[in-house]
Amino acid sequence: MGAALRRIQLGSALSAFGLGFTVPYLYVYVAQVRDLGAGTAGVVLAVFAMAALAVLPFTGRAIDRRGPLPVLVVASALASVGAAALGFASSVPAAVLAAAVLGAGTAVMQPALATMLVWCSSTATRTRAFAMQFFLQNLGLGLGGLVGGQLVDVDRPASFTMLFLIEAAMFVVLGAVVTTVRMPRTASLGGARPSGDAAAKGGGLRALLSHRAMVQLCVLGFVLFFACYGQFESGLAAYGTEAAGIEPSTLGFALAANTAVIVVAQFVVLRLVERRRRSRVIAAVGLIWAFAWIVAGYAGLGHGSQAMATAAFISTYALFGLGEAMLSPTVAPLVADLAPESMVGQYNSAFALCKQLALAVGPAVGGPMGASLHGPYIVTFVLFSLGITVLALRLGRRLSPVQDQPSLAAAPSRVVVVSLPEGADGAVPVGNTAAAPASASTSASAGH
């Protein structure tokens, strides 16, 4: 990695470390420590998610017009204010307002960081850049949660205030670190940094919706996050405790197993997937997750011992972690490679919006099913996982060879001219100067 990319990765890891201090304890903090009740805690969590849905539709255009760096600095400052305010919130209005500010800030940070990674990488290096970010973020979240768990005391509200202040400080560090980044001016960037006019003329929602490959990827992304992340702390947790008789403390071990698999397997998996077709890697993840849900079904619906049920339940989270490690070097770089060069921020924001929708809908659907409809719950998510495989294979037919398998690129370059929104009449996006391999361009024309 170059110096710019190293600093971006460092800031991303530190912000994840800060989030790890508070995310596992937000419900307990609002409901019990501040004594605002379970209902208020639910509202705070909902507002946190809804704030993200409110700001993401506007984030992409701001990134493309102003650049990701100033957007990220503003977002990190906003998130820092929200975290600090939540640490001192002792009333319902204060907690709800602070959660809205924190949710909006953290949501904007995601596509801004992703766009900076795109600017500092090429098609050939982007896979490893996003894999490294995913690895460091999970490591940061895990370490933050581990350290935070040693500091909190339900009987001392000041201990939770300290956690939120640490989180706020990490966001400030993120903003400070990225301001020192000097974006490279190398040929590999091509036109990845659009001018103001290019960003203004580059398109918008209509152009994105006319790009069938991106629309299919967004649908696939929704299903991915709905079938996995949207169930971790809601439906799957409810299913484990109700159907499988899992002790609540075991949920922590299951999440730890998930993180451990990601941290240990990430770079081993990376070597296996980076020279294979992205669509087939994603399809394989669907099969792995379908098997994970079947293992979960055995944990709750089988007739084995409690020890076997517990082992199966923890294995489910571990299998999900293996799939996540395979997705990190495939999905996010694919979003970047599909984007016209003046719309990288908008494409990243659109995909982040789909992710956030899945994380909002997933618990609402999975929670009640996991708690009471045990058999239908497992069957439903086995089918969703198999749907991932079908959607990934269909998406692969719309990708150019280089988009589906970046290792085919003869030289590091952003191959985005080959993936124009339909209806663009073959025109090259404004501001594009990156050359694409002739074979890729021919394939893309045939694919669309």
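These figures come from a predicted structure and were not determined experimentally. Computation of the quantities below employed the complete heavy-atom set of this structure, encompassing side-chain atoms and omitting hydrogens, waters and symmetry-equivalent molecules. Just so you know, residue 1 is the first one in the sequence shown, and it goes up from there.
- Checked by atom type and distance alone, the side chain of Ser12 never pairs as donor or acceptor with a backbone atom of Ile8 at under 3.5 Å.
- Put simply, the side chain of Val331 reaches to within 4.5 Å of the side chain of Phe351, judged on heavy atoms.
- A donor atom on one side chain and an acceptor atom on the other are not found under 3.5 Å apart for Gln110 and Asn348.
- Listed for the Glu167 side chain is no donor-acceptor partner under 3.5 Å among the backbone atoms of Thr22.
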Problem set entry | Evaluation steps, side-chain contact (heavy atoms from CB on, under 4.5 Å), between Leu117 and Gln9 | CA-CA 9 Å; Leu117 288 180; Gln9 299 283 32; 4.1 Å; yes
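- Checked for salt-bridge contact, Arg278 and Asp337 meet the test: a charged N lies under 4.0 Å from a carboxylate O.
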Exercise. Could you go step by step and tell me if Val30 and Phe160 meet the side-chain contact (heavy atoms from CB on, under 4.5 Å) rule?
Worked result: CA-CA 10 Å; Val30 175; Phe160 284 84; over 6 Å; no
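- Annotation for Phe171 and Leu102: closest pair CE1-CD1, 3.9 Å, computed over non-hydrogen atoms.
- Here Leu236 contributes atom CG and Thr241 contributes atom OG1; the two are 9.5 Å apart, rounded to the nearest 0.5 Å.
- Under a 3.5 Å cut-off, the side chain of Asn138 and the backbone N or O of Phe134 do form a donor-acceptor pair.
- Of all heavy-atom pairs spanning Ser159 and Leu151, the tightest one is CB-O, 3.5 Å.
- In this structure, the side chains of Val295 and Phe291 come closer than 4.5 Å at one or more pairs of heavy atoms.
- When all heavy atoms are compared, the tightest approach of Arg66 to Pro70 is O-CG, 3.3 Å.
- The CG atom of Leu217 sits 8.5 Å away from atom CG of Leu224, with the distance rounded to the nearest 0.5 Å.
- Ser80 places a side-chain N or O within 3.5 Å of a backbone atom of Ala168 that can act as its donor or acceptor partner.
- Contact record, Trp119 with Pro68: CH2-CD, 3.2 Å, taken as the closest heavy-atom pair.
- Between Tyr29 and Phe164, the ring planes are tilted. Angles from 30° to 60° get that label.
- The shortest side-chain heavy-atom distance between Trp289 and Leu319 does not fall under the 4.5 Å cut-off.
- Summarising the geometry, atom CD belonging to Gln216 is positioned 8.5 Å from atom CG belonging to Leu399; distances are rounded to the nearest 0.5 Å.
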Exercise. Going through the distances and angles, do Met132 and Phe267 end up as a side-chain contact (heavy atoms from CB on, under 4.5 Å)?
Worked result: CA-CA 8 Å; Met132 175 64 77; Phe267 295 105; 3.8 Å; yes
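- Between Leu56 atom CG and Lys355 atom NZ the span is 10.0 Å, to the nearest 0.5 Å.
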Problem set entry | Trace of the side-chain contact (heavy atoms from CB on, under 4.5 Å) decision for Phe135 with Ser328 | CA-CA 9 Å; Phe135 167 80; Ser328 63; over 6 Å; no
For this session: Go through the steps for Tyr239 and Trp293 under the test ring-ring contact (aromatic ring centres under 6.0 Å, His included), then give the verdict.
Result: CA-CA 11 Å; Tyr239 170 83; Trp293 282 108; 7.7 Å; no
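- No donor-acceptor distance shorter than 3.5 angstrom exists from the side chain of Arg280 to the backbone of Arg276, with no hydrogens or angles considered.
- Closest of all the heavy-atom pairs between Ala95 and Leu36 is CB-CD1, 4.2 Å.
- Ring geometry for Phe384 against Phe226 counts as tilted: the plane angle lies between 30° and 60°, on a 0 to 90° scale.
- A 4.5 Å side-chain heavy-atom check between Gln356 and Phe225 finds every atom pair outside the cut-off.
- Between Phe381 and Tyr377, the distance from one ring center to the other falls under 6.0 angstrom.
- Between the side chain of Thr161 and the main chain of Gly87, a donor-acceptor pair closer than 3.5 Å is present.
- Within 6.0 Å of atom CZ in Arg34, more than 12 heavy atoms from other residues, nucleotides or ligands are found, so the atom counts as buried in its surroundings.
- Residue Ile288 forms a side-chain contact (heavy atoms from CB on, under 4.5 Å) with just one option from Thr389, Ile388, Leu322, and that option is Leu322.
- Proximity of Ser76 to Val172: side-chain heavy atoms (C-beta onward) are nowhere separated by under 4.5 Å.
- Put simply, the side chain of Gln137 never gets that close to the backbone of Ala16: no donor and acceptor are under 3.5 Å apart.
- In the displayed structure, Phe58 atom CZ is contacted under 6.0 Å by at most 12 heavy atoms of other residues, nucleotides or ligands.
- When all heavy atoms are compared, the tightest approach of Ser385 to Ala290 is CB-N, 3.4 Å.
- Ring geometry for Tyr347 against His211 counts as tilted: the plane angle lies between 30° and 60°, on a 0 to 90° scale.
- Other residues, nucleotides and ligands contribute more than 12 heavy atoms inside 6.0 Å of the CE atom of Met162.
- Between the Thr259 side chain and the Ala256 main chain, no donor and acceptor come within less than 3.5 Å of each other.
- No donor-acceptor distance shorter than 3.5 angstrom exists from the side chain of Arg126 to the backbone of Ala336, with no hydrogens or angles considered.
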Problem set entry | Working for side chain to side chain donor-acceptor pair (under 3.5 Å), residues Gln346 and Asp64 | CA-CA 7 Å; Gln346 292 178 69; Asp64 288 332; 3.2 Å; yes
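- To the nearest 0.5 angstrom, Thr127 atom OG1 is 10.5 Å from Gln405 atom CD.
- Between Phe88 and Leu165 the shortest side-chain heavy-atom distance falls below 4.5 Å.
- Leu174 places a side-chain heavy atom less than 4.5 Å from the side chain of Leu72.
- Of the inter-residue distances, the one linking Met214 atom CE with Leu395 atom CG reads 10.0 Å to the nearest 0.5 angstrom.
- Contact annotation: the side chain of Pro329 never approaches that of Phe130 to less than 4.5 Å [non-hydrogen atoms, C-beta and beyond].
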